[in-house]
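One structure below.
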2 protein chains.
Amino acid sequence: MRLSRYFLPILKENPREAEIVSHRLMLRAGMIRQQGQGSFTMLPLGKRVLDKVCAIIREEQNRAGALEILMPTIQSAELWRESGRYDAYGKEMLRIKDRQDRELLYGPTNEEMVTEVFRSYVKSYKDLPLNLYHIQWKFRDEVRPRFGVMRGREFLMKDAYTFDLNYEGAKAAYYRMFVSYLRTFTRMGLKAIPMRADTGPIGGDLSHEFIILAETGESQVFCHKDFLSLPVPGEGVNYGNDAEIAGIVQEWTTPYAATDEMHDEAAWDKIADGERLSARGIEVGHIFHFGDKYSKPMGAKVQGPDGKEHNVSMGSYGIGPTRLIAAIIEASHDEAGIIWPESVAPFDIGLINMKAGDADCDRVCDELYAALTAAGKDVLYDDTDQRPGGKFATADLIGLPWQLIVGPRGVAAGEVEIKNRKSGERETLPLAAALKRLGVAG
Amino acid sequence: MRLSRYFLPILKENPREAEIVSHRLMLRAGMIRQQGQGSFTMLPLGKRVLDKVCAIIREEQNRAGALEILMPTIQSAELWRESGRYDAYGKEMLRIKDRQDRELLYGPTNEEMVTEVFRSYVKSYKDLPLNLYHIQWKFRDEVRPRFGVMRGREFLMKDAYTFDLNYEGAKAAYYRMFVSYLRTFTRMGLKAIPMRADTGPIGGDLSHEFIILAETGESQVFCHKDFLSLPVPGEGVNYGNDAEIAGIVQEWTTPYAATDEMHDEAAWDKIADGERLSARGIEVGHIFHFGDKYSKPMGAKVQGPDGKEHNVSMGSYGIGPTRLIAAIIEASHDEAGIIWPESVAPFDIGLINMKAGDADCDRVCDELYAALTAAGKDVLYDDTDQRPGGKFATADLIGLPWQLIVGPRGVAAGEVEIKNRKSGERETLPLAAALKRLGVAG
């Protein structure tokens, strides 16, 4: 993509309304525009990151056996009355009346609707296990939306729902999602630590929040340092093997880990000083087993091998992709701007023409652009007539992993400069060597 | 994907509520589930088709220079008061109040919001032309939603918006979208004919509906038979060459074509009998130039080369991907079910194991499945214990382009049967030859 044809509205000044670094950087880098209280347009650069984040989530959901569907945003109040949540939900639910005065709502979550889909079709244990997920907009009318996409009112959510014959099956399904989440966050360059969460009136120990460590995190978390070196399962992990999956979950739930709310000082004190990690964290995922909470009142039953009817045992599994973008930035930035992990970077490479209009610089840039694009790299080519200083500042701000800098002196010597955004390392290399460094054969 | 692990809730009976063939087939093939008046969940098979349709739309929008963004579904009434449309829009607009009693609405379209984005950042003609699009849910509270996803209340829409300095620029932008639409529909196996549409109080001739021909179409259309043989531009079409693009539009707007509403009997009578095509059609896209209708009241101005401020000249360009799925089915089905064009088929190949559980059949199927999947083909492998007759009926109903049928007799002879869903042709071939027929080297 040539920057001259792109829409990248960089802000020079720090926007006053932004209280946290990810909100500030997303506004400054032209990723988002606020449209209302807690509501944002993803501008082209933001949309590209969102697509990459969603693609990783999808791949890992599918790998773990989840099937993608897409439920509507608007739901009927009637459905929520079946579960008893319509009146209970409170003011966070956006309630709507249509032209015929029917009561509707903008879904804050989809347990009821997915249970309705399930009960309409599935009648036998033979069709289980089943895991249905979608990535769809949600609306929660928060009293005080803030921190940009970190706590919006309209936000994207990946929510998966599992259906099993009994608790044992539901636990295995829960474990598969647990492992899938470990892989998902790791692929985005994040260190995510599962922490036991409150299960409320349902009880049991099948509820975890996935917390990533970031200096600017919203809450205090406590964990054993072992988490920093625990191996994350590779893509060959066998989701068909319940014992293997349970083993991974066992390993990842054994060392101490707790959010402020669930913190146990007595257990914490037993850990040796040098093994303790007290840090700031951001919640990026939440998984939850809730048994027959919805299946029972809504009549989602299957016939079991015993010939009797059983309320299915369910769980739900959420990740907020829009929120996740902000969390990634909180975990990976510096004074100059964002530092994207390669897997979610909006472009792989920023190609900077220091003297656009100069025939030699233009020619070399065109050649590099063609070679990189042909090799499947996403390149943002700064072909504008801005000054070099402004171009460097923009490149650092938007945080592409690699910068390829083409100037008249280098071109005369057949060389370009290559800069790694994360390490800050710069190197001057002949053209072919620079391409090779970027993984492109000359 | 193994069918035993998939969620494909086929209906045996024709659902009573379905008045048209696409609605009936989408319900029967387990593509959609109705959730409310004019509101549908896309089940896994439907979601796959939707993804393929959206991918083609995106590729062709991007190729024509449009940039993808993503605006929220909920908008503020205040914004719509700026354009004067809030009070004018009528009951089709879903009006909402939040917990603070602020007036909101579920966007039926996005002219106001995208104009707000534009005016916030763009100040100079040097940043034009600009074309921003998104694919997002819309809600229109129709009095009588019907025909499944063909006329829903909550539906997906790709809406693009162009911004130019003056009418000449806006016309060139309009032409680029015109050509992009020709390519988009052709790639989906559709014959789309652009027909002049009413421009209302704005006047001019820059409004076209794209109508596809389908026997079961919703409206009567009239056109010259020349349209059936007009060449559709290839992927090498140069969107940077205004003259080339205008030439294509000229060619595609010269022969007579009109919807019932715009039909001109006098002009029609002048066409020779054998050259006339009177048929049923379905609208699948609408493009529209509206000048300064929004930019003027909303103050979306840029400085021109003359140093003066100009209201930008705008257009909008819509395609409904959910509706398009239904239109494709209307244009391509038979008594047995859907016949997917290859480009939008949910899977490329249906692999049918006629005797699941038979060691030889299972082995051959596993080998074929592995070879096809490794070659990048999407395969739905029917490994269930249903009878062959039921499997054939399902395969025809869901309409995958190719069926690969593995039975005990064939396996003993080292052969499989291959069936083309569209032509109905069947052929018995050795395994390697069957793979070759499907474009996979042995």
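None of the values given here were measured: they were computed from a predicted structure. Quick note on labels: first sequence line is chain A, next is B, and so on, each numbered from 1.
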Does atom [atom1] of [X] have more than 12 heavy-atom neighbours from other groups under 6.0 Å away?
X: Asp385(B); atom1: CG; result: no
X: Arg151(A); atom1: CZ; result: no
X: Asn241(A); atom1: CG; result: yes
X: Gln100(B); atom1: CD; result: yes
X: Arg81(B); atom1: CZ; result: yes

Please flag which part of [X] lies under 4.5 Å from any non-hydrogen atom of chain A: side chain, backbone, both or neither.
X: Glu78(B); value: neither
X: Glu112(B); value: neither
X: Thr73(B); value: both
X: Leu79(B); value: neither
X: Leu43(B); value: both
X: Met1(B); value: side chain
X: Val114(B); value: neither
X: Lys126(B); value: neither
X: Leu45(B); value: neither

Can you tell me how far [atom2] of [Y] sits from [atom1] of [X], rounded to the nearest 0.5 angstrom?
X: Thr41(A); Y: Ile69(B); atom1: OG1; atom2: CD1; value: 5.5 Å
X: Phe118(A); Y: Phe7(B); atom1: CZ; atom2: CZ; value: 8.0 Å
X: Tyr6(A); Y: Asp127(B); atom1: OH; atom2: CG; value: 14.5 Å

When you measure from the side chain of Glu154(B) to the backbone N and O of Ile74(A), does any donor-acceptor pair fall under 3.5 Å?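 Such a contact is found between Glu154(B) side chain and Ile74(A) backbone.
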So, Asp141(B) side chain and Arg99(A) main chain: donor-acceptor pair closer than 3.5 Å or not?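 Side chain of Asp141(B) to backbone of Arg99(A): a pair is present.
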Winner by heavy-atom pair count (cut-off under 4.5 Å) against chain A, out of [options]:
options: Ser76(B), Gly30(B), Pro9(B); result: Pro9(B)
options: Leu132(B), Leu104(B), Val122(B), Ile96(B); result: Ile96(B)
options: Ile32(B), Asp51(B), Leu50(B), Val143(B); result: Val143(B)

Please report the C-alpha distance between Met71(B) and Phe40(A) in whole Å, then the side-chain angles of each, then the deciding distance to 0.1 Å, and finally whether the side chain to side chain contact (heavy atoms under 4.5 Å, CB included) criterion is met. CA-CA 7 Å; Met71(B) 293 178 269; Phe40(A) 297 86; over 6 Å; no
Answer whether the closest heavy-atom distance between the side chains of Met113(B) and Gln35(A) falls below 4.5 Å.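 With C-beta onward as the side chain, the pair touches.
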With a 4.5 Å cut-off on heavy-atom pairs, point out which of Met93(A), Arg102(A), His134(A) contacts chain B the most.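 The candidate making the most pairs under 4.5 Å is Arg102(A).
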Contact class of Tyr121(A) relative to chain B, heavy atoms under 4.5 angstrom: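 Tyr121(A) touches chain B through side-chain heavy atoms alone.
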For Leu156(A), which atoms come within 4.5 Å of any heavy atom of chain B: side chain, backbone, both, or neither?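 Neither part; nothing is under 4.5 Å.
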Does a salt bridge link Arg33(B) with Glu116(A), judged by any charged N lying under 4.0 Å from a carboxylate O?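 Yes, this pair counts.
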Step-by-step side chain to side chain contact (heavy atoms under 4.5 Å, CB included) determination, Leu94(A) to Tyr106(B): CA-CA 11 Å; Leu94(A) 192 68; Tyr106(B) 197 121; over 6 Å; no
I need the single residue from Gln37(A), Arg153(A), Arg95(A), Lys91(A) that forms a side-chain hydrogen bond (donor to acceptor under 3.5 Å, both in side chains) with Asp98(B). Which is it?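 Looking at Gln37(A), Arg153(A), Arg95(A), Lys91(A), the match for Asp98(B) under the side-chain hydrogen bond (donor to acceptor under 3.5 Å, both in side chains) is Arg153(A).
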